[in-house]
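Chain identifiers are assigned alphabetically (A, B, ...) following the order of the sequence lines, protein sequences preceding nucleic acid strands; residue numbering begins at 1 within each chain. All values below were derived from every heavy atom in this structure, side-chain atoms included, with hydrogens, water molecules and symmetry-related copies excluded. On a predicted model such as this, the values are computed, not experimentally measured, just so you know.
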2 protein chains.
Amino acid sequence: MADPDWTLYRALLAVLTEGSLSGAARALGQSQPTLGRQIAALEADLGVALFTRSPAGLIPTEAALELRPHAQAMAAAAAALVRAAIPDVDGQGVVRITASEVVGGTVLPPILAELREANPRLQIELVLSNRNDDLLRREADIAVRMARPTQGALYGRKVGESEVRLFASAGYIQKHGQPTDLMDRTGHTVVGFDHVPAYAGGVVANFPIMREIFDVRSDSDLAQLAMIQAGVGIGGCQVPLARRLGLVPVLADAFSFPMEAWVVMHEDLKTSRRMRLVFDALVEGLRVFLSEAD
Amino acid sequence: MADPDWTLYRALLAVLTEGSLSGAARALGQSQPTLGRQIAALEADLGVALFTRSPAGLIPTEAALELRPHAQAMAAAAAALVRAAIPDVDGQGVVRITASEVVGGTVLPPILAELREANPRLQIELVLSNRNDDLLRREADIAVRMARPTQGALYGRKVGESEVRLFASAGYIQKHGQPTDLMDRTGHTVVGFDHVPAYAGGVVANFPIMREIFDVRSDSDLAQLAMIQAGVGIGGCQVPLARRLGLVPVLADAFSFPMEAWVVMHEDLKTSRRMRLVFDALVEGLRVFLSEAD
DNA sequence: GATCAGCCATTCAGTATTGAATAGCAGCCC
DNA sequence: GGGCTGCTATTCAATACTGAATGGCTGATC
């Protein structure tokens, strides 16, 4: 009924994540009775029961679980606000970057190393996630992603193109040999997605990319790559990365999936010096990395 | 330094939008001294000056303006949370829809009329905006848009395809006649974008869509349509809509720009009954509308 | 089965926050 | 220039909120 004080949302999120009033109180640096009262107040304001009390803690109702993502969105925005409030003097402050697990784990570290070397007072937070919506959820300031940004509020720069082709480890090829045909996979193992993401869907070289064609499936690109490296099977990998890792091309010309590499940030952040600094460093570093493929 | 209480963010946003402590206090149902203290506390916590006090009100510093979008994101999430907290019994509650100005102003009203007729206790909020990121900013629950959703957290359903072709009013054609060639526009006026959005960019039928080719420019699709209707010039319009409005096709087969129509919502909201209700009604209504073109 | 750890609800004193009232200031209109 | 309006800063009493302490409860552990 009455719109609740924002503090109450924070309390709700803390209780949901900690699982108890006491835990939430510890996390927020407050007392357990306070949290209890705040949750009660929120329930009264919204007119909905949020938790069923139990001696082991609070069990969230279905209603509370539905509210959770919204409270998390608030928390993400609050964190972004605090980051944005850091005075923007040269090469100082916090910048939060998101990238896929593979890119963040392989390509970015050397780029960030150089950046930190040049700007020791710059703090970097790296969020590895395969969700493409981190920026708009304000869970990061800058994103490295493999798709053109479609949202108007985002400012992006294309840093190059990168083909995904098929690769396997040298050991795997030694054991199983090169497959002769893309369609005939007998005797071979193909590593791929559990849930095929939208950007990867479709038909490539008469090869319908769908769940069923994969013999070993994971939605983590990191896990996929690790399995390819370990000789589990054949899988897709970006060419420059495969080259760096010493993987062996499979059916070299039969399969190619082009991707665009982008560095993206909020329009809001364009004016910030440190954001620009990191943005430009990422653009430059990725350009170099992608051009190594030639 | 210390991370501020969320109430302070709310105070910040209120002062930014109202322009004064007193105004913000009225808006929030609090007193002016309270708001003054909260802003002071926020400045102390963040270590940044947010406003310069003046007898006419508070003038935000550059820092405060940079924080504003984040605070707005929090407010949007809070509003979405409150909406989500409304008990989800059949055909009751609030649903917030976003669409472009033209679609929201022409296509949706009859659909929503029927929906309301069938569910009198359902409340509809319609946000007309040409920003494509409303959903992720949680400024709306359901979006009608002309592009495939690319973000993972969104659930979308394609309701059909709609071609954009060139049209003009009957009066305009009477005065200026039909142009004979797409490239030769002498004696004709072309209505289009000021800032060409990403989805409309590119080359269509050897026709590079860019700012310079337009003689009358607006970023509001509503204004564009109004100008076409008023006989200002030739412009792009979706075929079924143009048909409904009685516009005259121009260079009928020379120019065609295909668009997909989608209804999109958050994955989170899929389980909500009233969201489903509105979602399905929009899908059905738009399907009918788009099929009228055949 | 007794002990212990962890949790929530309640009480009560202390504190921190709030708001009404007031003073002071700048700009606008007659 | 006088009167008016709207704004901020400050004071002070009243209120609301907080947290330490306590009791009661359940479930795990030995």
(request) Measure from the side chain of T34(B), starting at C-beta and using heavy atoms only, and say which of dG19(C), dC8(C), dT10(C) lies closest. (result) dG19(C)

(request) For Q38(B), answer base if it contacts any base atom (sugar-phosphate contacts may also be present), sugar-phosphate if it contacts only those atoms, and nothing otherwise; contact means non-hydrogen atoms under 4.0 Å. (result) sugar-phosphate

(message) Of the options dA9(C), dC12(C), dC7(C), whose atoms approach the side-chain atoms of R37(A) most closely?
(response) dC12(C)

(request) Please determine if R274(A) and D141(A) form a salt bridge, counting it only when a charged side-chain N lies under 4.0 Å from a carboxylate O. (result) no

(message) One thing to verify: whether E66(A) and R83(B) come together as a salt bridge, which I'm taking to mean a side-chain N less than 4.0 angstrom from a carboxylate O.
(response) no

(message) Can you see whether T7(B) engages D5(A) through a side-chain donor-acceptor pair at a distance of less than 3.5 angstrom?
(response) yes

(request) Would you kindly give the CG-to-P distance between L35(A) and dC17(D), to the nearest whole Å? (result) 15 Å

(message) Side chain of L21(A), heavy atoms from C-beta onward: which of dG19(C), dA9(C), dC7(D) has the nearest atom to it?
(response) dA9(C)

(message) Can you see if the side chain of R53(A) gets near the phosphate of dC7(C) - specifically, an N or O under 4.0 Å from OP1 or OP2?
(response) no

(request) Return the value, rounded to whole Å, for the distance between atom CG of D5(A) and atom P of dA16(D). (result) 15 Å

(message) Within the 4.0 Å heavy-atom criterion, would you say S22(B) contacts the bases, only the backbone, or no part of the nucleic acid?
(response) base

(request) Among dA9(C), dT10(D), dT8(D), find the nucleotide with the atom closest to the side chain of S20(B). (result) dT8(D)

(request) Using only side-chain N and O atoms of R26(A), determine if any of them is under 4.0 Å from OP1 or OP2 of dC7(C). (result) yes

(request) For Q30(A) and dA16(D), give me the distance from atom CD to atom C1', rounded to whole Å. (result) 15 Å

(message) Once you apply a heavy-atom cut-off of 4.0 Å, does Q32(A) come out as touching a base, just sugar-phosphate, or nothing?
(response) base

(request) Round to a whole Å and report the spacing from CD1 of I59(A) to C1' of dG27(D). (result) 13 Å

(message) Output the rounded distance in Å from CG (L28(A)) to C1' (dT18(D)).
(response) 14 Å

(message) To the closest 0.5 Å, what do you measure between CG (L35(B)) and CG (L8(B))?
(response) 10.5 Å

(request) Send over the distance from E18(A) CD to dC7(C) P, rounded to a whole Å. (result) 10 Å

(message) Under a 3.5 Å threshold, yes or no: a donor from one side chain and an acceptor from the other, between D221(B) and S100(B)?
(response) yes

